[in-house]
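Counting from 1, the numbers follow the sequence of the chain as shown. Atoms within each ligand, like the ligands themselves, are counted from 1 in listed order.
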Amino acid sequence: MNTIVQHLQQVHDRITAAATICNRNHDGVQLLAVSKTKPAADVLSAYAAGQRQFGENYVQEAVDKIAALKAECPDIRWHLIGPLQSNKSRQVAEAFDWVQSVDRLRIAQRLSAQRPGNMRPLNICLQVNVSGEDNKSGLPPDQVEALAQQVSQLPGLCLRGLMAIPEATDNSDRLKTQLLELKQLFDRMAEKYPQMDTLSMGMSKDLELAVACGSTLVRVGTAIFGSRNP
Ligand SMILES: *Cc1c(COP(=O)(O)O)cnc(C)c1O
C-alpha cells in the first residue's frame, strides 16, 4: 500500500480514538489534508483513498495544482489556509471553495465582489490570533464579532467558522487554554449565526487535544504527506 494511504488511515485512527475518548463521533471531525509544497501526484494518491478536502498555503502553487487536477478530481474542495494578499484575491475567489485565513474586512469585500456569479458563495473562516503573538496573522479575539457582523452581510461569501493556529509550544496547558478560548468564542458566535458550523483547529502534532477542545476540522499535513523539509 502507498505510504500516503497508510498515513491517511493512521490519521483517521487518531481522530477516531480522540473523538471516542470525549464521547464525540468521528463524523463530527473533518479532515483537511494540507498538501502545500507537495506535488499533484500526492494529492491524487490521497484522493484515490477517499480524501476530498485539501488545504493549500501559497496561491500560485495552489492555482496550478487545482488546474492540473480539475478533470480527474472534480469534487475536491480546496481550502486556502495561508495568508492572502489583496492582489491575489481574484485568483482565490475564482479557484477555491474555502478561505480560512480572512482577518480583515478589505480582503473579505474583495473576495465577495470577485466571486464569480455562477459559483456558490465562497466559504469563509475568520482567522483568530489566540496566542496574542505580535508576528501572527489573525485578528484579536475581541474584534471577531465586529468583523463577523460585516462579513456576514457580503453576498459572495458564506461565513462558516473560525480558524486559529495556536502558539507552537510544548506546554499543553497553555495550548489548551488557547484552544478552549477559541471554542468559547465559536460557541457564542454560532448561536447568532446558524450557518457557522466549522471550528478549524488542530494540526499533525496536536490534533488529539484540538478534538478534545471541540475542533470540527483538523488541518493535517506532515502526518499524511511527510516532512516538508527533507
Ligand atoms: C502547514 C499548515 C498546517 C499543517 O501543519 P502540519 O504540522 O504539517 O500538520 C495546518 N494549518 C496551517 C495554517 C498550516 O499552514
Within the protein, flag every N or O under 3.5 Å from an N or O of ligand 1, and note the pair and distance.
{"residue": "ligand 1", "atom": "8 (O)", "partner": "T222", "partner atom": "N", "Å": "2.8"}
{"residue": "ligand 1", "atom": "8 (O)", "partner": "T222", "partner atom": "OG1", "Å": "2.5"}
{"residue": "ligand 1", "atom": "8 (O)", "partner": "R228", "partner atom": "NH1", "Å": "2.8"}
{"residue": "ligand 1", "atom": "8 (O)", "partner": "R228", "partner atom": "NH2", "Å": "3.1"}
{"residue": "ligand 1", "atom": "9 (O)", "partner": "S204", "partner atom": "N", "Å": "3.0"}
{"residue": "ligand 1", "atom": "9 (O)", "partner": "S204", "partner atom": "OG", "Å": "2.5"}
{"residue": "ligand 1", "atom": "9 (O)", "partner": "G221", "partner atom": "N", "Å": "2.9"}
{"residue": "ligand 1", "atom": "11 (N)", "partner": "R219", "partner atom": "NE", "Å": "2.9"}
{"residue": "ligand 1", "atom": "15 (O)", "partner": "K36", "partner atom": "NZ", "Å": "2.7"}
{"residue": "ligand 1", "atom": "15 (O)", "partner": "N57", "partner atom": "ND2", "Å": "2.8"}

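Side chains of S215 and S200 form no contact here, defined as non-hydrogen atoms less than 4.5 Å apart.
Taking the six-membered ring for Trp and the full ring otherwise, F96 and W78 have centroids separated by 6.0 Å or more.
Evaluated for a salt bridge (charged side-chain N to carboxylate O under 4.0 Å, His left out) with E56, the options K38, K36, R77, K65 yield exactly one hit, K65.
The side-chain hydrogen bond (donor to acceptor under 3.5 Å, both in side chains) pairs that include a residue from residues 15-24 number zero, where partners must be two or more places apart or lie in different chains.
In this view, A148 and L126, L159, M189, Y193 satisfy the side-chain contact (heavy atoms from CB on, under 4.5 Å) rule, not counting sequence neighbours. Listed by chain and residue number, V11, R14, S204, V220 satisfy the side-chain contact (heavy atoms from CB on, under 4.5 Å) test with A223 (two or more places apart in sequence, or in another chain).
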